[in-house]
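In what follows, chains are A, B, ... by sequence order, proteins preceding strands, each numbered from 1.
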Amino acid sequence: MSLALPLDAQPTDPALEGIIKLAVMAVGGQGGGVLTNWIESLARSQGYHCQATSVAGVAQRTGATIYYIEMAPGDVAAPVFSLAPAAGDVDIAIAAEMMEAGRAIIRGFVTPDRTTLIASTHRMLAVSEKTVPGDGMASSDEVRAAAEVASQKLILADMDRAAVKVGSVISASLFGALAGSEALPFKREAFEEAIRTGGKGVEASLRAFAAGYDLAQNGEPAKPVEEKPVQQEIVAPKGPADIQSEWARLEARVAALPETVRVMAAAGLTKVVDFQDCAYGSEYLDRLEALVKADTAEREYELSCEAAKYIANAMAYDDVIRVADLKTRPQRFDRIEAEMGVGNDNVMHLTDYLHPRAEEIVGLLPEKLGRKMENDPAWMKRIDRWFNRGRRLRTDSLRGFAMLYFLGGLRNWRLKTLRHKMEQDHLNDWLQMVAGYLPDRYGMAVEILRCRRLIKGYSDTHARGLSKFDKVLSGARMVEDREDGPQWVARLREAALKDEKGTELDGALKTVESFTG
Amino acid sequence: MAERSFKAEVEHLRKGSGDVFTGEGILALTKALLENGVGYVGGYQGAPISHLMDVLADAQDLMGELGVRFEANASEAAAAAMLAASVHYPIRGAVTFKGSVGVNVASDALANLASSGVNGGALVIVGEDYGEGSSIMQERSYGFAMKSQFWLLDPRPNLPSIVKAVGDGFALSEASNTPVMLMVRIRSCHVTGSFETSDNVPPPLSVQDALANPQRDFKRVVLPPMSYAHEHDKIDNRWPAAEKFILDNKLNERFGPESGKVGIMCLGGMYNGVIRALQRLGLADISGNTSVPLYVLNVTYPIVKSDVVDFCKGKEAVLLVEEGQPEFIEQQIGAMLYKEGATTRLEGKGIFPKAGEYTGQIMFDGLEAFVRQYAPDLLPAKVLAPNTPKTELPDLTKSVPIRPPGFCTGCPERPIFASLKLAEQELGPRQITGDIGCHLFACLPPFEIGGSTMGYGLGPASNAAFDGGGEHRAISILGDGGFWHNGLSSSIGNMVFNKSDSVAIIVDNYYSAATGGQDVLSSRAQNSTKSTNHPISKALEGVGVEWIRQIDRTYDVTQMRAAIREALTTDYKGPKVIVASSECMLNRQRREKPLRNKAIADGKRVETPRFGVDQDVCTGDHACIRLSGCPSLSLKKLDDPLRDDPVAHIDQSCVGCGNCGEVADAAILCPSFYEAKVVHNPTVFETWLTGLRKKVISWLQNRRAGKRLTFSGEAL
Ligand code: SF4
């Protein structure tokens, strides 16, 4: 669908050209009203006629809202203004969020013949984007590309960050950007005066105003060149010398891998070693190298790259020990303190929300004992009664910390646990299936590796992920002999990530069944 | 206290003759009421006139000085009933509510009022909530004016016209002994502009004076045979009197040339849209001087036949610009012209779409089509032969997500619906009905709870068919606003009387929150002019509900779910009501934040909680979001090649309501959430203790780091 634009109407009254039409597209709660008030008082102070309207109502509760302003020079006698923006008839569109810019374009409020579009590139995700179990985020690039075509003048920058950085809110930085865009025939000082007249949080607003003005005039500074090393192995880990030398041997093995695989392998290796230890890292490389051997440069080592990623993820599974370990690391405390703005003159209480179930406890037991309990409902019930409870752990207190610290310290015990055995079995079955497709059905092997993405989360979520994984794999077996088998597996996997219950996946599986009979 | 305060603006209502008022439509309306000697005002909040109620409430001091009584009525019906004071007494009264739902609720009182007729001017200011941003079914209030015989004013949407309409309305009402509805559309309520003020006028007869001198006249009572007489009075006397007043005072306006081949008739409220389209077509200048004759109906009911026929005389065709459906006015004018034997073509619906808002584009297209068909010579060459086709823009409709309204950050209703969703997961789906209020957002994702809403306070009543119970009990939702509006009798009383086996959940957030945080009977705030702090649970007991569970912290998802589970599974037969109370977060923050900031600045010990997600623990399944939808709980893409999906992330706007942690716990989701409570101005002991803890903790941490590799990231 293309946007229906109005006829090329030419008003006969040249004074009509003097009307400036400005639409603000915001999300409820963003302060669109404040921005509108500033613009209005600015126009009036400059001797302009001005009219503003909005649809105040329920949309202001986090929904998409529009404010609309028209103004005309003061020497015009009693101008008649419109109360709503019309497609193809807007001079300035201000969007307080990236998708709202997209909405302005969809509604025809941004047209190449006249519209200055000022938009903040930051995202406030809509509920529909967030609830998808996979990645449901809408594409800002698409909106950006459309904005470039649709607008006469375009100002795109993260106005939210600019404002927050100086302790203010986006309405002020957008007002600054409006001044900086020079789309209104008023001087910067007049804008600032309007903020002062408004009277609330003047200093902070003026700072954000300046930031927005600057962004409009000079654009966003080019992103500093990624300082991150291209190859992860350059960052040397800290630690005792003996482990360091072990690590060096592992690094050497990564270096021996085909070049395209190295980055992912280094990341994977780091994750696995961080999860357990260097011996475990060596196991990881054993598994990876076996697949690399079966791979070829012709395929650009696609299989190996995927293996490097997903084997690492599978080996560094999310067990109680890992969670406890992560939650007691110094880097975590530093990060949270920085995020919460904790300084020398305040302190922080840190509460972790944990809820262990019998399964997790049994998973920590040695394999044999664990299995026995697992199969004994009476015992499971008992353990459940003892442990299954929401626990709020004050990780900043000695007791709470010590408990998690102890659990995190079970790392050395981990390889003996039931959970580890279960993960190992699962991993081996999966890799066996992958190996079974080699060398002839390379595509199938790659796709089966990628299915590991479906397993994530804890408790019920984890169980659901596992069942989706199993379902996709069973679907894969149905199409394994087909030319387009790999595409089907990919399709099934994507479907599985679309919704929680797996309705889409079941639908896709039905389709598969229908033609495989 | 309401979400938005008009205390500062209200001062401008004191302006007198020769001053100029600049501001919003609703303030202009209030000023006009005071200038016209109104004796009492009231109403019930609802977009777009919620703020009018807030203005009135904030202007109580000024009104008190003038001897004007302000009543925050319990419902629209109560507001309309209040106009009864103008039946016998020559006192001007005005009430306000939203159309068309308010008119629906008030219809009983409105119809009786119209039948009795009025002595003093009676004005109903209806905020018509139609079109973009509307939160109700799309209907017109017009039908009510017709069926009960109310005169309907729809002034041009600028401040001087709106202000004039108030005066005209009172005078018309008195001249014809008929109540008048003044319709303001959603955008006119908030349109800004200026008008010249005049002095406020105290009511010539105040309600207090009237009380001292009671009057009655049984002829005004709606009882046979008087009611038969009322009907004739309406047609024989009141209607002609109204027509005469409208003509004598030129309430409808004409613009443009005296005569022409074609003409446009529009409702006052559509005027600016029509002029804008004419401007774009080259048929009007910036000040609205048009080259097409224009007849503006500031009074949309009654339509004065002689005036319409006169306007149409000699015209080949006229276009009626009437938004919404049914096209009541077009039908009337069509009949008038037909009976008059006129040859003028009447255009309206057909050129314009039958349903939906007349947006700028629709208005432009409609007028252009009309003029092109009947008077193409009027159009400038440019319009006649459009040049270059417009640039094609990429289609974004598939990529830009919709953004319907939803629960605010930290909303106390979120955990209620999270609990309900969890209870449903456990016990199976239930028949659920919603009600009007913020809680209706629960029918949208991520909760998708409740499939119908039948009206304010009617949640439980709309489940009445299922009151007999069965294998699974039905659940209904009711807000505190709806409870006091109508729910106590229509819903709860109905449940008790019919021995309902269903469950009702009353969402008590201390305010009429969706309409802007006005106080209701059960509000916890102290309100100097209203009586608050009447607990809902006491009212429930009073009407005979025996099974009541009062939850005082909705954020406690485990407890909330337990209460719902109990209500659904208990052996008790009879109505089961859960009152879930926690303060609306928007209002709470507005109240507490300044106090908190001040306390911190004053060096007092203050705790500020906020939640966070450990990104390395989060696996990116977003199950938490499917039980929340909080704007502060969003997603973040990690800079990690091993991760496919974005992880949950809580930004700075989190108010630490606790829902995240509670849900993660109750639903056993994941161990990713933590609460960080920053203590400002901690005590000396606290600081010392924290220092000690930190020392021990970092000793332990160093000990462990000494035995393993530490990579630069937190976890990789
Ligand atoms: S705790 Fe969670 S639900 Fe509550 S305000 Fe913070 S992010 Fe929103």
Side-chain angles (χ1 to χ4, degrees), chain A residues 2-3 5 7-10 12-13 15-16 52-55 57-59 61-64 77-80 82-83 86-87 99 102 106 112 125-128 130-131 135 142 146 150 235 237-239 267 270-271 323 330-331 340 346-347 349 351-355 390 453 456-459 461, chain B residues 47 133 135 187 190-192 275-276 280 282 285-288 360-361 382-383 386 390-396 399-401 403 405-406 446 616 619 621 623 625-626 629 634 641-642 644-645 661 664-665 668 670-671 673-680 682 690 697 701 709-712 714 716:
Chain A
S2 76
L3 292 162
L5 290 177
L7 289 170
D8 209 2
Q10 275 295 309
T12 44
D13 181 7
L16 282 168
T53 52
S54 61
V55 178
V58 93
R61 304 278 184 258
T62 77
V80 178
S82 170
L83 276 73
M99 287 304 134
I106 291 176
L125 299 183
V127 170
S128 59
K130 296 194 284 189
T131 49
D135 182 0
E142 233 175 281
V235 201
K238 288 195 280 290
T270 315
K271 181 167 185 163
V323 170
Q331 298 98 312
M340 301 292 160
N346 37 26
V347 303
H349 298 174
T351 310
D352 276 301
Y353 282 71
L354 308 170
H355 194 140
R453 179 179 174 188
K456 52 184 174 179
Y458 302 79
S459 58
T461 315
Chain B
S135 51
R187 286 175 211 277
H190 295 284
V191 74
T192 56
I275 291 293
R276 171 50 49 83
R280 291 173 71 192
D285 72 7
I286 188 166
S287 306
Q361 188 65 44
K382 267 277 188 139
V383 181
K390 293 285 181 185
T391 335
E392 288 248 331
L393 297 183
D395 177 21
L396 292 175
S399 24
V400 173
R403 201 189 293 278
D616 304 311
T619 59
D621 172 73
I625 291 173
R626 292 190 288 276
S634 193
L642 298 174
D644 293 304
D645 299 317
D665 172 0
I668 320 187
C670 72
F673 287 95
Y674 61 83
E675 182 199 43
K677 209 182 257 166
V678 178
V679 182
H680 301 268
T690 308
I697 287 177
Q701 285 168 334
L709 292 179
T710 303
F711 298 89
S712 57
E714 209 166 301
L716 290 155

Novice: If you tally heavy-atom pairs under 4.5 Å against chain A, which of Arg626(B), His680(B), Lys677(B) wins?
Specialist: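 Max contact count across the listed options: Arg626(B).
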Novice: Which one of Gly102(A), Gly457(A), Ala52(A) has the most heavy-atom pairs closer than 4.5 Å to chain B?
Specialist: Ala52(A)
Novice: Side chain, backbone, both or neither: which part of Thr690(B) has a heavy atom under 4.5 Å from chain A?
Specialist: side chain
Novice: Residues in ring-ring contact (aromatic ring centres under 6.0 Å, His included) with Tyr353(A), at least two apart?
Specialist: Phe611(B)
Novice: So which part of Ala78(A) gets closer than 4.5 Å to some heavy atom of chain B, the side chain, the backbone, both or neither?
Specialist: backbone
Novice: Where on Ser82(A) is there a heavy atom nearer than 4.5 Å to chain B: the side chain, the backbone, both, or neither?
Specialist: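 Looking at Ser82(A), backbone and side chain both touch chain B.
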Novice: Which of the residues Val323(A), Leu83(A), Thr461(A) is involved in the greatest number of heavy-atom pairs with chain B at under 4.5 angstrom?
Specialist: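 The candidate making the most pairs under 4.5 Å is Leu83(A).
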Novice: Step by step, would you call His190(B) with Thr53(A) a side chain to side chain contact (heavy atoms under 4.5 Å, CB included)?
Specialist: CA-CA 5 Å; His190(B) 295 284; Thr53(A) 52; 5.6 Å; no
Novice: Check whether Arg403(B) gets within reach of chain A through its side chain, its backbone, both or neither, counting any heavy atom under 4.5 Å.
Specialist: both
Novice: Could you tell me the separation between the CG atom of Asp665(B) and the CG atom of Leu354(A), rounded to the nearest 0.5 Å?
Specialist: 9.0 Å
Novice: Say you draw a straight line from CD of Gln331(A) to CG of Asp616(B); how long is it, rounded to the nearest 0.5 Å?
Specialist: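 Those atoms lie 9.5 Å apart.
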Novice: Are the side chain of Thr62(A) and the backbone of Gly406(B) linked by a donor-acceptor contact shorter than 3.5 Å?
Specialist: yes
Novice: Quick one: what part of Val127(A) sits under 4.5 Å from any heavy atom of chain B, side chain, backbone, both or neither?
Specialist: side chain
Novice: Using a cut-off of under 4.5 Å for heavy-atom pairs, which of Ile275(B), Thr192(B), Ile625(B) has the most such pairs with chain A?
Specialist: Thr192(B)
Novice: Can you name the salt bridge (Lys or Arg N to Asp or Glu O under 4.0 Å) partners of Asp285(B), sequence neighbours left out?
Specialist: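 By the salt bridge (Lys or Arg N to Asp or Glu O under 4.0 Å) rule, Asp285(B) matches no residue at all.
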Novice: Show the nearest heavy-atom pair for residues Tyr458(A) and Thr619(B), with the distance to one decimal.
Specialist: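 Looks like CE1-CG2, 4.0 Å.
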Novice: Tell me, side chain or backbone of Ala676(B) under 4.5 Å from chain A's heavy atoms, or both, or neither?
Specialist: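 It is both, since atoms from each part get that close.
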Novice: Distance check, rounded to the nearest 0.5 Å: His355(A) atom NE2 versus Ile668(B) atom CD1?
Specialist: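 Those atoms lie 3.5 Å apart.
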